[in-house]
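Numbering starts at 1 and runs along the sequence shown. Indexing begins at 1, ligand by ligand and atom by atom, following the structure's order.
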Amino acid sequence: MLLRLENVEFAYEVGPEAWSLRVASLTVKRGEVLSIIGPNGSGKSTLLRLAAGVIEPGQGRVWLGDILMTEMDRAAVARRLGYLPQHIRPQFDLRAGEIAALGRRPHLLGLGRLRRRDRTAVEAAMRATETLHLSERLLSQLSGGERRRVFLASVLAQEPRVLLLDEPTASLDLHHQVLFFRRLRGLADSGMGVMVVTHDLNLASLFSDRVVLLDRGRIRHRGPATDVVNAEIIKAVYGPELRVDKHPEIDRPIVLPRTAPPP
Ligand code: ADP
Ligand code: MG
């Protein structure tokens with residue numbers, strides 16, 4: 001087990017009336033892609049922030065391996081855990097290559113110079129996100145999707161054991177969305193644990209081992225995509241505008257928008 005949330009409860013002090021997140025148990029294991037789905041405001045980002053140790057639960061515990069998150073300093077956390085927030089507002093306008101290299105920071109010693117091993121990791125991450133050609137470009141001069149891919153490169157360069165991603169493919173074109181989820185699958189297959197928040201039910205279905213459906217701060221369903229992404233559940237949570245079908249290549253559910261109300 002790489003990461004575990006145990007009897008976690010959280011409420012924002014100035015948040016919406018009576019909204020809280022409550023999770024009795026949630027683990028991320030080696031080698032798995034765990035997708036978190038759910039409507040807007042269901043608590044997906046809050047769950048990820050708790051798992052990343054960015055906010056602390058009012059009650060309960062978060063374990064990173066066999067150590068309590070609250071007992072680790074940020075650098076120690078960052079050597080094991082990579083976290084990509086939903087929104088990033090960079091304070092400085094850096095070049096894409098510099099952003100990607102920042103991912104190595106938790107691993108650097110002394111003067112903080114990149115060694116050959118660090119440079120290899122950065123280059124591999126930029127290759128995987130197809131951002132190598134953007135290296136010298138300033139962040140402010142990139143498109144939304146290109147910028148997003150540069151941040152993804154940074155968190156991949158970090159080479160953590162567990163990766164938490166909040167809507168990583170939200171502004172990416174379809175090519176880069178599929179490429180990125182395939183990459184996540186590959187990373188998990190080589191031993192990483194991945195927890196990814198996404199609104200794309202199809203990518204969640206096709207590339208993850210388990211799907212967790214959050215609704216109003218509670219886990220309503222969890223299990224393999226074939227169990228969670230089914231017609232009744234999707235209708236109950238997202239409404240009647242969608243239909244659930246089967247992917248033509250593999251035995252996984254896919255979700256399609258209806259053009260007219262169901263008969
Ligand atoms: P999701 O990522 O599933 O869309 P969030 O976890 O961002 O949902 O938000 C869950 C609930 O908490 C929402 O009702 C949202 O309005 C509220 N919320 C999110 N962030 C804050 C914050 N920093 N302060 C107060 N309330 C917040
Ligand atoms: Mg969110």
Side-chain angles (χ1 to χ4, degrees), residues 3-28 33-62 69-70 74 77 81-91 144-145 147-152 154-155 162-172 176-177 180-181 184 193-205 207-208 210-223 225 228-229 233-239 241-242 255 257:
L3 182 78
R4 175 153 74 212
L5 278 75
E6 210 178 77
N7 298 317
V8 161
E9 283 190 47
F10 179 86
Y12 290 102
E13 265 166 45
V14 290
E17 192 94 18
W19 189 89
S20 70
L21 180 79
R22 208 179 294 164
V23 173
S25 155
L26 183 66
T27 59
V28 183
V33 176
L34 172 68
S35 287
I36 311 286
I37 61 172
N40 290 141
S42 54
K44 305 179 298 296
S45 294
T46 306
L47 175 67
L48 232 59
R49 275 183 227 126
L50 285 163
V54 175
I55 54 176
E56 279 182 27
Q59 282 184 52
R61 299 158 194 246
V62 181
M69 185 82 78
T70 45
R74 286 313 295 172
V77 172
L81 179 148
Y83 166 56
L84 184 78
Q86 187 173 356
H87 306 287
I88 305 175
R89 280 174 210 85
Q91 284 166 304
R147 208 173 298 165
R148 195 74 185 145
R149 273 155 47 213
V150 170
F151 286 118
L152 288 172
S154 184
V155 83
V162 54
L163 195 49
L164 311 179
L165 304 162
D166 200 345
E167 300 194 27
T169 55
S171 49
L172 269 52
H176 287 105
Q177 289 185 25
F180 187 72
F181 266 81
L184 290 186
V194 179
M195 176 149 77
V196 55
V197 170
T198 179
H199 282 299
D200 195 311
L201 303 179
N202 292 328
L203 293 173
S205 171
F207 292 99
S208 42
R210 288 191 297 148
V211 177
V212 165
L213 195 156
L214 264 187
D215 188 19
R216 286 165 284 166
R218 304 289 182 274
I219 293 179
R220 300 288 171 197
H221 300 277
R222 64 168 97 198
V228 178
V229 185
I233 293 176
I234 294 305
K235 185 174 173 205
V237 177
Y238 291 95
E241 291 80 24
L242 302 166
V255 177

**OP:** Please report how many protein N/O/S atoms lie under 2.8 Å from the Mg ion (ligand 2).
**Re:** 2
**OP:** For the pair Arg220 (side chain) and Asp215 (backbone), establish whether a donor and an acceptor sit closer than 3.5 Å, ignoring hydrogens and angles.
**Re:** yes
Could you pull out all donor-acceptor pairs under 3.5 Å where a side-chain atom in residues 52-61 meets a protein atom, sequence neighbours excluded?
none

Original post:
Any side-chain donor paired with an acceptor under 3.5 Å for Tyr12 and Thr46?
Top reply: yes
**OP:** Return the option from Phe10, Tyr12, Trp19 holding the heavy atom at the smallest distance from atom 24 (N) of ligand 1.
**Re:** Tyr12
Original post:
Does an N or O from Gln86, backbone or side chain, lie closer than 3.5 Å to an N or O of ligand 1?
Top reply: no
Subject >> Contacting atoms of ligand 1, where contact means under 4.0 angstrom from a heavy atom of Asn40 >> reply: 4 (O)
**OP:** For Thr46, counting its heavy atoms only, list the atoms of ligand 1 lying under 4.0 Å from any of them.
**Re:** 5 (P), 6 (O), 9 (O), 10 (C)
**OP:** Kindly compute the distance separating OG1 (Thr169) from CG (Leu152), expressed to the nearest 0.5 Å.
**Re:** 8.5 Å
Subject >> Qualifying residue, where the test is side-chain contact (heavy atoms from CB on, under 4.5 Å) with Lys44 and the options are Val212, Val197, Thr198 >> reply: Val197
**OP:** Run down the list Gly38, Ala11, Ser45 and name the one with the heavy atom closest to atom 7 (O) of ligand 1.
**Re:** Ser45
Original post:
If you measure from CD1 on Ile234 to CG on Leu201, what distance do you get to the nearest 0.5 Å?
Top reply: 5.0 Å
Original post:
Pro39: heavy atom below 4.0 Å from ligand 1, yes or no?
Top reply: yes
**OP:** Please name all residues satisfying side chain to side chain contact (heavy atoms under 4.5 Å, CB included) with Ser45, sequence neighbours left out, ordered by chain then number.
**Re:** Arg49, Gln86, Asp166
Original post:
Looking at ligand 1, does any of its N/O atoms fall within less than 3.5 Å of an N/O of Gly43?
Top reply: yes
For residues 34-42, which side-chain donor-acceptor pairs fall under 3.5 Å, sequence neighbours excluded?
{"residue": "Ser35", "atom": "OG", "partner": "Ser208", "partner atom": "OG", "Å": "3.2"}
{"residue": "Ser42", "atom": "OG", "partner": "Pro39", "partner atom": "O", "Å": "2.7"}

